[in-house]
Amino acid sequence: MTENKRIVLSSDHSGLQMRAAIVAHITELGWEAVDIGPTTTESTHYPLHGKAAADLVASGDCRFGIILCGTGQGIMMAANKVKGIRCGVCSETFSARMIRQHNDANMLAIGVRTTGEGLALDIVDAFLNAQFEGGRHATRADMIEAD
Ligand code: RB5
């Protein structure tokens, strides 16, 4: 089976510029960016965009999701409402690595107002380059999924 290299990206109105930078960056790295908008800076509602991105990850259409809002917090909360989604907000690279290694995160949220663009790209790299370690961490990730 071929590896799923699709990453869905979305944001609210605050995230267009950073989202474009991340799309360019991950495309350069060989990922397929699935950018689902929005495409204008007109004020919009982050829960809609967090859920839309999360649905594409939960369904298996996309391997990962990267979502942005002012703080990253609101859109992360919306994404985590979708079953099967494990999304963390990261403003430094250590957490971005750890949410993959220990939490098997399948989505990453970044705050546009808290994180500069250069650091955001480093955070994306840390997230994408890390591997889930399994073992005791799989037990715990499974506990998150259990109803
Ligand atoms: C939008 O005004 C703002 O609330 C949003 O971008 C984000 O910070 C929410 O968590």
Side-chain angles (χ1 to χ4, degrees), residues 3-133 137-138 140-146:
E3 190 189 353
N4 184 347
K5 297 286 284 180
R6 287 161 61 81
I7 299 178
V8 59
L9 295 103
S10 194
S11 70
D12 70 1
H13 48 274
S14 69
L16 269 69
Q17 188 179 318
M18 183 179 284
R19 203 174 76 233
I22 296 173
V23 165
H25 183 67
I26 65 173
T27 302
E28 182 79 15
L29 294 173
W31 293 89
E32 180 185 348
V34 180
D35 187 349
I36 60 168
T39 57
T40 76
T41 54
E42 186 182 343
S43 183
T44 182
H45 305 298
Y46 60 80
L48 300 174
H49 306 290
K51 183 181 181 334
D55 283 343
L56 287 179
V57 176
S59 71
D61 185 87
C62 293
R63 173 67 186 92
F64 294 122
I66 300 175
I67 51 178
L68 316 171
C69 70
T71 58
Q73 302 290 352
I75 202 161
M76 174 274 289
M77 292 176 196
N80 276 322
K81 295 275 289 184
V82 175
K83 187 152 182 61
I85 295 305
R86 291 172 301 283
C87 182
V89 182
C90 295
S91 55
E92 32 71 30
T93 57
F94 180 80
S95 296
R97 190 170 81 242
M98 292 301 283
I99 64 170
R100 285 289 304 124
Q101 289 181 347
H102 286 191
N103 311 118
D104 198 17
N106 47 17
M107 293 188 70
L108 168 67
I110 300 174
V112 176
R113 299 174 70 187
T114 62
T115 311
E117 198 171 286
L119 177 55
L121 299 183
D122 283 353
I123 288 168
V124 167
D125 286 344
F127 180 83
L128 294 178
N129 290 334
Q131 305 293 326
F132 181 47
E133 292 176 0
H137 303 298
R140 296 164 184 166
D142 287 347
M143 290 170 74
I144 294 174
E145 294 306 314

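- Between Gly60 and Asn4, the closest heavy-atom pair is O-ND2, 3.1 Å.
- With sequence neighbours left out, Gln17 forms a side chain to side chain donor-acceptor pair (under 3.5 Å) with no residue at all.
- Tested against Val8, the residues Ile67, Leu56, Asp55 include a single side chain to side chain contact (heavy atoms under 4.5 Å, CB included) partner, Leu56.
- Side-chain contact check for Phe64 versus Leu108: every heavy-atom pair is 4.5 Å or farther apart.
- Separating the CD atom in Gln131 from the CG atom in Asp104 is a distance of 10.0 Å, to the nearest 0.5 Å.
- With rounding to the nearest 0.5 angstrom, the CG atom of Leu119 is 8.0 Å from the CD1 atom of Ile110.
- Between atom OG of residue Ser10 and atom CG of residue Leu68 there is a gap of 8.0 Å, rounded to the nearest 0.5 Å.
- Contact check for Glu145 versus Arg86: side-chain heavy atoms found under the 4.5 Å cut-off.
- When all heavy atoms are compared, the tightest approach of Val82 to Ala58 is CG1-CB, 3.8 Å.
- Here the closest non-hydrogen pair linking Met107 and Ala54 is SD-CA, 3.6 Å.
- Ser95 contributes atom OG, which lies 9.5 Å from atom CG of Asn103 (distance to the nearest 0.5 angstrom).
- Residue Lys5 places its NZ atom among more than 12 non-hydrogen atoms of other residues, nucleotides or ligands, all under 6.0 Å distant.
- Among all heavy-atom pairs drawn from Met76 and Ala109, the shortest one is CB-CB, 3.8 Å.
- Of all non-hydrogen atoms in Val112 and Gly15, the two that sit nearest each other are CG2-CA, 3.8 Å.
- Within 6.0 Å of NE2 on His45 lie no more than 12 heavy atoms contributed by other residues, nucleotides or ligands.
- Contact between Ser14 and Cys69 at its shortest, heavy atoms only, is OG-C, 3.5 Å.
- Contact check for Leu9 versus Ile26: side-chain heavy atoms found under the 4.5 Å cut-off.
- Atom-to-atom distance recorded for Ile7:CD1 and Asn106:CG is 12.0 Å, nearest 0.5 angstrom.
- Atoms NE2 and CE, on His137 and Met98 in that order, are 7.0 Å from each other to the nearest 0.5 Å.
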Problem - CA sep, side-chain torsions, deciding dist, call: Asp61, Ser59, side chain to side chain donor-acceptor pair (under 3.5 Å) - result: CA-CA 6 Å; Asp61 185 87; Ser59 71; 5.3 Å; no
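- The main-chain N or O of Ala105 is found under 3.5 Å from a side-chain atom of Arg100 such that the two form a donor-acceptor pair.
- The backbone N or O of Thr44 sits less than 3.5 Å from a side-chain atom of His13, completing a donor-acceptor pair.
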